[in-house]
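Data first, discussion second: the structure below is written as structure tokens.
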Amino acid sequence: MAFTDTEITEIHEAVTMQATHQDLFKLGLMYSTEIEDRGPDFVEAHKWFSLAAMMGSEPALAYRADVTEMMSRQDLTLAQRAARGWLAEQKTVISRCAA
């Protein structure tokens with residue numbers, strides 16, 4: 001199943017408003033499959049599966065492990081940095097909303 005850029009944009013917007021482990025997991029699934037005939041993006045998939053797992057998604061742990069097997073060490077490092085960056089970005093947004 002291929003996903004469109006529009007579908008990915010919509011889920012990104014939903015995650016920006018209120019991230020749930022289901023939405024993060026869905027992003028991982030989207031990036032681990034075909035996107036507009038470009039193929040999977042395992043770095044992004046790993047990032048979203050990691051974030052979903054941190055929020056309690058057990059299936060995300062298994063999917064992340066599968067994706068990890070297909071990644072180089074360099075790509076794994078990029079995915080981990082991207083996940084940390086997303087978390088830092090979300091803290092900034094949360095802080096602004098709380099003020």
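Residue Trp48 is not grouped with residue Leu61 when hydrophobic side chains (ILVMFWY) are merged at heavy-atom distances under 4.5 angstrom, including chains of intermediate members.
The heavy-atom pair separating Ala45 from Gly28 by the smallest distance is CB-O, 3.6 Å. Taking all atoms of both residues into account, the shortest heavy-atom contact from Glu44 to Asp41 is N-OD1, 3.1 Å. Here the closest heavy-atom approach between residue Met55 and residue Leu24 is recorded as SD-CD1, 3.1 Å. Of all heavy-atom pairs spanning Val67 and Ser32, the tightest one is CG2-CB, 4.4 Å. Of all heavy-atom pairs between Ala53 and Ala60, the closest is N-CB, 3.7 Å.
Here Leu76 contributes atom CG and Lys47 contributes atom NZ; the two are 14.5 Å apart, rounded to the nearest 0.5 Å. Asp75 contributes atom CG, which lies 12.0 Å from atom CE of Met70 (distance to the nearest 0.5 angstrom). We find the OG1-NE2 distance between Thr77 and His46 to be 10.0 Å, quoted to the nearest 0.5 Å.
Enclosure of atom CE in Met54 is not indicated, since only 12 or fewer non-hydrogen atoms of other residues, nucleotides or ligands lie within 6.0 angstrom.
Between Tyr63 and Phe25, the gap from one ring centroid to the other is short of 6.0 Å.
The ring-ring contact (aromatic ring centres under 6.0 Å, His included) test applied to Phe42 returns no partner, not counting sequence neighbours.
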